[in-house]
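Residue numbers begin at 1 in each chain, while the letters A, B, ... track the order of the sequences.
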There are 2 protein chains.
Amino acid sequence: MLTERQSLILQVIVDEFIETAQPIGSRNIAKKKQITYSPATIRNDMADLEDSGYLSKTHSSSGRIPSEKGYRFYVDHIMSPLKLSQEEVSIIKGQFDERMIELEKVMQNSAHILSELTKYTTLVLGPEVYETKLKQIQIVPINKQSAIAILVTDTGHVEHRSFAIPSNVDQSDLEKVVNILNEKLVGVPIIYLDQMIESEVVDLINRYTSNFEQSYRILQQALFGSQSSSLYVSGKSNILMQPEFSDIEKARSLFNMMESEEQIAPILKANKQGLNISIGHENQVEAMNNCTLITATYNMGEDQVGTIALLGPTRMEYAKAVSLLDLWSSYMSQSLDSWFNEG
Amino acid sequence: MLTERQSLILQVIVDEFIETAQPIGSRNIAKKKQITYSPATIRNDMADLEDSGYLSKTHSSSGRIPSEKGYRFYVDHIMSPLKLSQEEVSIIKGQFDERMIELEKVMQNSAHILSELTKYTTLVLGPEVYETKLKQIQIVPINKQSAIAILVTDTGHVEHRSFAIPSNVDQSDLEKVVNILNEKLVGVPIIYLDQMIESEVVDLINRYTSNFEQSYRILQQALFGSQSSSLYVSGKSNILMQPEFSDIEKARSLFNMMESEEQIAPILKANKQGLNISIGHENQVEAMNNCTLITATYNMGEDQVGTIALLGPTRMEYAKAVSLLDLWSSYMSQSLDSWFNEG
DNA sequence: GTTAGCACTCAATCACATCGAGTGCTAATT
DNA sequence: AATTAGCACTCGATGTGATTGAGTGCTAAC
């Protein structure tokens, strides 16, 4: 375990490095007013900290920089939550002051605001569509051969998908099916729609329409095919501002990763309830090996419904990032609660 | 005007520079098999070309690189359209083979495909919503105080917007309004909706509902407020691969520009019918001063409905880019025609 | 009009010296 | 025993020439 003094030195080094991105030497540490020891003493502790893996050097006679283990210790044992400025608090709060109607807009705005406040990239993963409930199904024919199915959920989410109408399916068949679906399925969680249809609706449809097979299968495919997920990313270009990504190659690989939703969504989903910090190689994905990802979940009642995350260099302003995410997710959870209680 | 030989030399320099991004010297030009002159002769012509502004040097004893004027001449007078490979043609064609249902998906895919083929950034601006016709209006109440208005156009575009329901407006009022709107307005171009409502529908609504003022105004605001435009961008990170953007600052300013739709859309719209090439400072926006933007419009019958564009460094593969855009926009126009004739 | 020849320019590269912020270690001090 | 002062040492960063080589412009010859 670290001594009191070692811990203090580690703290100074991490704080300083977060700010300057430069290796820190013993003399500079000694100048800090919290520090009452001579450079030599500090050097000894620094050597110990390096031996136990909390610090490392860029070359044999350079100052020290925190290792991933060092950040980990800082995050777990040293860091204290940052008091956010009045302005920061009110920007986030303001976001939730208006009546929330469309969840998607809120998430979009949130991503934007947080990336502005932190200068990191913000990722917001909304509630899975199938965790919400069906509000209404609509079919809008576009021309003789095609139509659009629109599905609205109780979160105000609108999902739509086009499909071709086979020539032997009459439009009135489709209408009947839609009517039945609406009658029976409104209020059902999207995740249960499939089972529900099989168990309750199939017979009914068969009774009323002649072309059940086609009209139903088509609809099913259109509505329950690949769910468009709800990932909002903002401030991608902030990454370019970080000196650790002045190496174009690193920036490129991160950008490539962020362009594919399929890669990011599972990473965000994998995190547990509450706050999670993944530092450097704790991230499985190689492109993120010199990044830190901080995720926070938000809830609806007891259930975790979504995740928000900040992605930055390992040299991240941990205290600020954590405080902002904490604040945001509590507002968000609260907002979701009142939304569903009033609604 | 340029002599035959000067033009040839310019062509070699531009072609070579496009490929290598390095200044070209007279000896290297002389080695080309199309060239039958000695380095000294070429040097004289190069000096002339520099005097008249078609070439420039990076320093006093370096080879030459094309100036913007040089590119302009190349594009206007030298370049011949590139024969696309069988593969490229079939990738683009394949895109339009399936029956087109949702215009948006087509545009999304197109942006993706073209950025893959060119390694430049692709921007696709879809038909303005107001240029298309109304297919249907729907209102889906989410809870007591809020609802979502959904508008479907004949291009398969789905627009939705949430709004709060004032307490004194009954849901049945809204429904009546929606019914009237649908009866009277289906098939009307979105751009005329506003006038049409004032001239034809207002009286009717007043006759049937008690709370016309609120219900109508709300709907109007929801439906005809800020139109979400339809800009699709793909391959942004390709920019990072170009050596001219290894200067992080330039990359950053481009990224910032591309993050705001408000900045890009007008630029794309400003271009005239057909193919347009804006080289370097011909672009008004400062961030694009070392870029070339090639835009092509696509049509529906006689009317220009949208724009597709490639954004790359001024050192762009002009011939290929132009050929690809030409091919794409002809397929697209054709596809749109058959869509509206069959539909 | 074209080309050979030549002096000249300048970025790029390398070798070398210098500087200074930093270290590790030892011996003195508290 | 813990701390500190002192000192030799390391190594990146910076600066200075020297060298190289790809390029030019100009002049004179073809």
Engineer: Among all residues two or more places apart in sequence or in another chain, which pass the ring-ring contact (aromatic ring centres under 6.0 Å, His included) test with B:H77?
Structural biologist: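 Only B:F73 meet the ring-ring contact (aromatic ring centres under 6.0 Å, His included) criterion with B:H77.
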Engineer: With a 3.5 Å cut-off and sequence neighbours excluded, list the donor-acceptor pairs that the side chains of residues 239-246 of chain B form with protein atoms.
Structural biologist:
residue, atom, partner, partner atom, Å
B:Q242, OE1, B:R315, NH2, 3.1
B:E244, OE1, B:R315, NE, 3.1
B:E244, OE2, B:R315, NE, 3.1
B:E244, OE2, B:R315, NH2, 2.8
B:S246, OG, B:P243, O, 2.9

Engineer: Any N/O pairs under 3.5 Å between the protein and nucleotides 28-30 of chain C? List them or say none.
Structural biologist:
none

Engineer: With sequence neighbours left out, which residue pairs that include part of residues 4-37 of chain A fulfil the ring-ring contact (aromatic ring centres under 6.0 Å, His included) condition?
Structural biologist: none
Engineer: Please examine the side chains of A:L293 and A:L268, heavy atoms only from C-beta on, and report whether any two atoms are closer than 4.5 Å.
Structural biologist: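 In short, these two side chains touch, coming nearer than 4.5 Å.
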Engineer: Nearest to the side chain of B:T41, heavy atoms from C-beta on, is which of D:dC11, D:dT3, C:dT2?
Structural biologist: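 Nearest nucleotide to the side chain: C:dT2.
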Engineer: Could you give all pairs that pass the ring-ring contact (aromatic ring centres under 6.0 Å, His included) test and reach residues 257-279 of chain B, with sequence neighbours left out?
Structural biologist: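 Every candidate ring-ring contact (aromatic ring centres under 6.0 Å, His included) pair involving residues 257-279 of chain B fails, so no pair, neighbours aside, qualifies.
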Engineer: Classify the side-chain pair A:D48/A:Y54 by whether it contains a donor and acceptor separated by less than 3.5 Å.
Structural biologist: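 Side chains of A:D48 and A:Y54: no pair found under 3.5 Å.
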Engineer: Toward the 5' end of DNA chain C, which comes first, B:H59 or B:A40, by nearest nucleotide?
Structural biologist: B:A40
Engineer: Using the side-chain hydrogen bond (donor to acceptor under 3.5 Å, both in side chains) criterion, which residues pair with B:N238? Sequence neighbours excluded.
Structural biologist: none
Engineer: For the pair made of OH in A:Y37 and C1' in D:dA2, what is the distance, rounded to whole Å?
Structural biologist: 10 Å
Engineer: For the pair made of CD in A:Q22 and P in D:dG12, what is the distance, rounded to whole Å?
Structural biologist: 15 Å
Engineer: Between A:D51 (CG) and C:dC25 (C1'), how many Å, whole number?
Structural biologist: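 In whole Å, C:dC25 C1' and A:D51 CG are 14 Å from each other.
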Engineer: Please write out the pairs of protein N or O atoms and N or O atoms of nucleotides 21-24 of chain D separated by less than 3.5 Å, giving the distance to one decimal.
Structural biologist:
residue, atom, partner, partner atom, Å
D:dG23, OP1, B:N28, ND2, 3.3
D:dG23, OP2, B:N28, ND2, 3.4
D:dT24, OP1, B:R64, NH1, 3.3
D:dT24, OP2, B:S26, N, 3.1
D:dT24, OP2, B:S26, OG, 2.6
D:dT24, O3', B:K57, NZ, 3.2

Engineer: Tell me, which pairs form a side chain to side chain donor-acceptor pair (under 3.5 Å) where one or both residues lie in residues 114-124 of chain B, sequence neighbours left out?
Structural biologist: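 Qualifying pairs: B:S115-B:S234.
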Engineer: Please list, chain by chain and in numerical order, all residues satisfying side-chain contact (heavy atoms from CB on, under 4.5 Å) with B:T20, sequence neighbours excluded.
Structural biologist: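 Applying side-chain contact (heavy atoms from CB on, under 4.5 Å) to B:T20 gives B:E16, B:Q22, B:I24.
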Engineer: Tell me, please, which residues at least two apart from A:K320 pass side-chain hydrogen bond (donor to acceptor under 3.5 Å, both in side chains).
Structural biologist: A:E88
Engineer: If I take atom CD1 in residue A:I42 and atom C1' in nucleotide D:dT4, what distance separates them, rounded to the nearest angstrom?
Structural biologist: 11 Å
Engineer: Over how many whole Å does the gap from A:D48 atom CG to C:dG24 atom P extend?
Structural biologist: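 Spelled out: CG on A:D48 to P on C:dG24 is 10 Å.
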Engineer: Restricting to side-chain hydrogen bond (donor to acceptor under 3.5 Å, both in side chains), what partner residues turn up for B:T292, sequence neighbours left out?
Structural biologist: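 With sequence neighbours excluded, B:T292 shows a side-chain hydrogen bond (donor to acceptor under 3.5 Å, both in side chains) to B:Y318, given in chain and number order.
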Engineer: Measure the distance from CG on B:N44 to P on D:dT27 and round it to the nearest whole Å.
Structural biologist: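 Interatomic distance, CG of B:N44 to P of D:dT27: 12 Å.
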Engineer: Does anything in residues 3-18 of chain B reach DNA chain C, meaning a heavy atom under 4.0 Å, and if so which residues?
Structural biologist: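 Only B:R5 qualify.
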